[in-house]
Protein chains: 2
Amino acid sequence: MSTTGSADEPRWLDDDERTTWLSLAGVVTLLPAALDAQLQRDAGLSHFEYMVLAMLSERPSRTARMSELAGLAHGSLSRLSHVARRLEEQGFLARRACPEDGRVTNAVLTDAGYAKVVATAPGHVAAVRHLVFDALTSAQRRQLRTIGDRILGQVNPDGSCAG
Amino acid sequence: MSTTGSADEPRWLDDDERTTWLSLAGVVTLLPAALDAQLQRDAGLSHFEYMVLAMLSERPSRTARMSELAGLAHGSLSRLSHVARRLEEQGFLARRACPEDGRVTNAVLTDAGYAKVVATAPGHVAAVRHLVFDALTSAQRRQLRTIGDRILGQVNPDGSCAG
DNA sequence: CGTGAATGGTTGAAGCCTCAAGTCAGCACG
DNA sequence: CGTGCTGACTTGAGGCTTCAACCATTCACG
């Protein structure tokens with residue numbers, strides 16, 4: 001495969017880019033799986049479910065509208081809707097019609113949901129620390145933040161979320 | 001939430017770590033979704049299916065045993081087995097019993113499968129370049145490689161893959 | 001040799017996500 | 001008012017992944 005980069009022949013990744021990409025591909029595949037495994041084993045939650053509860057727990061009144069919450073958890077509205085039904089059945093959150101705008105649904109974290117987050121967070125934080133931060137110097141941590149923001153800017157330009 | 005770090009009270013993430021983690025969490029959630037979308041739209045393949053075909057295409061004789069291929073594609077053996085059946089139905093790969101070890105199945109990329117990779121790679125590479133490398137300086141690219149390898153070392157210590 | 005353990009892979013069921021379609025509320029305009 | 005349009009969300013079907021159970025083969029070791 002050439003590296004000339006003509007019009008219909010795309011610029012291939014050079015060796016360095018290729019290795020970097022394989023490494024990143026491994027991370028984006030395996031890291032979510034590892035976090036899901038820890039949460040599933042210790043709390044019976046998927047990473048997405050945990051994100052939903054955790055994001056809600058940091059909101060004023062532990063409340064957010066569905067579409068906003070979907071963005072915070074980096075998922076589609078449809079996905080959130082399905083997950084919200086399951087979490088509601090388990091008593092971790094409640095959905096209420098918004099009095100100001102009849103189209104809007106507000107998701108509210110229940111006391112049981114808040115307790116679940118409090119019980120689950122330490123193990124999850126420990127996993128994140130072990131899998132990500134323990135292997136990095138503080139300089140690398142700063143670099144990672146910048147790099148992550150840059151990539152996120154490309155992947156998700158308007159900060160919201162497709163669905 | 002305190003930051004004392006006693007025995008049963010875990011060390012919480014400080015503000016900087018927390019922001020870094022939210023950024024990385026966004027990347028590991030949204031980047032695979034974006035790549036899946038491009039591949040699905042332009043080639044009718046999932047990112048995992050593409051990885052399977054692409055990894056095979058770079059092997060001598062375009063052949064690998066199933067468990068080895070699962071590791072290369074960062075998936076479980078079960079997942080690969082299901083995917084291999086679908087790819088086989090589409091004529092992109094074939095499975096043969098290994099003559100040397102009756103337990104082993106070898107996956108072989110067919111000519112149609114190789115052609116599919118050749119046809120699909122340019123668009124995929126362009127997506128990776130746009131989503132990842134276009135936003136980074138060459139220094140950041142080098143940093144990303146190191147950081148990715150470090151994290152991968154924690155997530156996947158023995159280089160193989162859970163299944 | 002022969003038996004038990006370990007390895008490599010496949011399968012079926014159950015659950016989750018995506019996609020497209022549908023519902024209902026607000027808004028604009030005649 | 002009422003007609004059409006957009007926005008917010010829900011729902012159902014279909015496909016993919018996971019999990020556990022299973023089958024076949026090889027290896028270890030009396």
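This one's a predicted model, so the numbers in the text were calculated from it and none came from an experiment. Basis for what follows: all heavy atoms, side chains included, without hydrogens, waters or symmetry-related copies. Sequence lines set the chain letters: A, B, ... in the order given, protein chains first and strands last, and positions in each chain run from 1.
Closest to the B:H82 side chain, of the nucleotides C:dA13, C:dG8, D:dT11, is C:dA13. Closest contact between the side chain of B:F48 and the listed nucleotides D:dT18, D:dT17, C:dG8 involves D:dT17. For B:M66, taking side-chain heavy atoms from C-beta onward, the closest of the listed nucleotides C:dT10, D:dT10, D:dT18 is C:dT10. In this structure, the nucleotide among D:dT11, D:dA20, C:dG26 sitting nearest to the side chain of B:S78 is D:dA20.
Residue contacts for A:S81: at a heavy-atom cut-off of 4.0 Å it reaches a base atom on one of the strands shown. A:R86 comes within contact range of the sugar-phosphate backbone alone, with a heavy-atom separation under 4.0 Å but no base atom that close.
In this structure, the side chain of A:E88 engages the main chain of A:R95 through a donor-acceptor pair within 3.5 Å.
For B:R18 and A:E58, the salt-bridge test passes: some basic side-chain N is under 4.0 Å from an acidic carboxylate O.
For D:dA8, neither phosphate oxygen OP1 nor OP2 lies less than 4.0 angstrom from any side-chain nitrogen or oxygen of A:S67. Between A:R103 and C:dG26 there is no side-chain N or O to OP1 or OP2 distance below 4.0 Å.
Each of A:R95 and A:A33 lies near DNA chain D, and the nucleotide nearest A:R95 is the one positioned closer to the 5' end. When each of A:Q40 and B:E49 is assigned the nucleotide of DNA chain D bearing its nearest heavy atom, the one mapping closer to the 5' terminus is B:E49.
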B:D16 and A:R142: side-chain contact (heavy atoms from CB on, under 4.5 Å), yes or no, with the steps?
-> CA-CA 8 Å; B:D16 203 39; A:R142 284 189 293 275; 4.3 Å; yes
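Between B:L152 and A:S23, the shortest heavy-atom contact is CD2-O, 3.9 Å.
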